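Comments concern the structure below.
Note: hydrogens, waters and symmetry copies are ignored here, and every other heavy atom, side chains too, is used. Bear in mind the structure is a predicted one, so any value in this text is a computation, not a measurement. Note that ligands are numbered from 1 as they come in the structure, with each ligand's atoms numbered from 1 the same way.
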Amino acid sequence: MSAATARNNYEYLDILDRAWNAGEIDRPAGGVLIDVGCASFWYASTLSAFFSPRELVGVEVEGHRLFRDGHTRIDYASGYLSHLRGARFMVSDYRRCELPSDVIIAWFPFVTAAAILAWRLPLSLLAPQQLFARVYHNLRVGGLFVMVNHGREEADMASGLCRAAGLTCRFRFAEPGVLSQHRQREAILSCWGRF
Ligand SMILES: C[S@@+](CC[C@H](N)C(=O)[O-])C[C@H]1O[C@@H](n2cnc3c(N)ncnc32)[C@H](O)[C@@H]1O
């Protein structure tokens, strides 16, 4: 892992750690954990260390994206996952995935056109209602959906979509940490349940 990737992992770990210390629900462990829109899954180690899942799957629709160095996201993901037992990378559109899960995570899912265009992706991918409906469909009763958004406005918008999909908010955490100082908008974590 490069120094920059390691540092970014510590930031994600710090967000999860502080959010769970502030919240009142137990940290889930041992089940099937799916990360939606995982890019190259550079933070798989963080999810593995924090949740100790039995199975860890990163789903990314743009897994074949080619970088300047000639490698694809799949190549990077295979390196990031090589030491993690039970972990895999899946190139797929999550909206069509049948993946029953105990925990589903989405770090910065697209809920606005501006965000999706900044990532140079087609607007046809902007379908947050379908994405959250699929999260609800795949989440086992009693499971948890953990979402992180850019700033309060986006978090409020995404929360409305979660509620519309049938999810119930368990807690929200919005205290910026030292490792997140580079962010223009604070990272806001919210945790949702399916009952
Ligand atoms: C803002 S990026 C966040 C990437 C990563 N979670 C992170 O924290 O670095 C959103 C990611 O979601 C992926 N994505 C968008 N729609 C998707 C879908 N329907 N199924 C799977 N991945 C999707 C995009 O290709 C992109 O990599």
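In this structure, of Phe41, Trp107, Trp42, Phe110, the residue bringing a heavy atom nearest to atom 9 (O) of ligand 1 is Trp42. Closest heavy-atom approach to atom 22 (N) of ligand 1 among the candidates Val91, Leu131, Val61: Val61. Evaluated by nearest non-hydrogen atom to atom 8 (O) of ligand 1, the leading choice among Tyr12, Tyr43, Phe108 is Tyr12.
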Passes side chain to side chain contact (heavy atoms under 4.5 Å, CB included), Arg183 versus Glu11? Steps please.
-> CA-CA 11 Å; Arg183 295 191 177 277; Glu11 187 207 359; 2.7 Å; yes

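Heavy-atom separations between Asp93 and ligand 1 include at least one value shorter than 4.0 Å. Proximity of Arg73 to ligand 1 is established by a heavy-atom distance of less than 4.0 Å.
Atom CZ in Arg65 sits 5.5 Å away from atom CG in Leu121 (nearest 0.5 Å).
Inter-residue side-chain proximity for Met147 and Phe132 is flagged as met; some heavy-atom pair is nearer than 4.5 Å. At least one side-chain heavy atom of Leu81 sits less than 4.5 Å from a side-chain heavy atom of Phe89. Two residues are said to be in side-chain contact when any heavy atoms from C-beta on lie closer than 4.5 Å; Phe173 and Trp20 fail this criterion.
Under the 6.0 Å distance and 45° angle rule, Arg73 does not count as a cation-pi partner of Phe67. Figure legend: cation-pi geometry between Arg27 and Phe50, with NZ or CZ positioned under 6.0 Å from the six-membered ring centre and within 45° of its axis.
Taking only nitrogen or oxygen atoms, main chain and side chain alike, Tyr94 reaches within less than 3.5 Å of ligand 1.
Residue contacts with ligand 1, taken as heavy atom pairs separated by less than 4.0 Å, do not involve Arg134 at all. If you look at Ala127 next to ligand 1, there are no close heavy atoms at all, none under 4.0 Å. Only the side chain of Leu121 comes within 4.0 Å of ligand 1, judged by heavy-atom distances.
At the shortest separation from atom 26 (C) of ligand 1 among protein heavy atoms lies Glu60 OE1, 3.6 Å. Protein heavy atom nearest atom 11 (C) of ligand 1, with residue, atom name and distance: Gly37 O, 3.6 Å.
For the pair Ser180 (side chain) and Val178 (backbone), a donor-acceptor distance under 3.5 Å is absent.
Of all the atoms in ligand 1, the ones that sit under 4.0 Å from a non-hydrogen atom of Ser92 are 20 (N), 21 (C).
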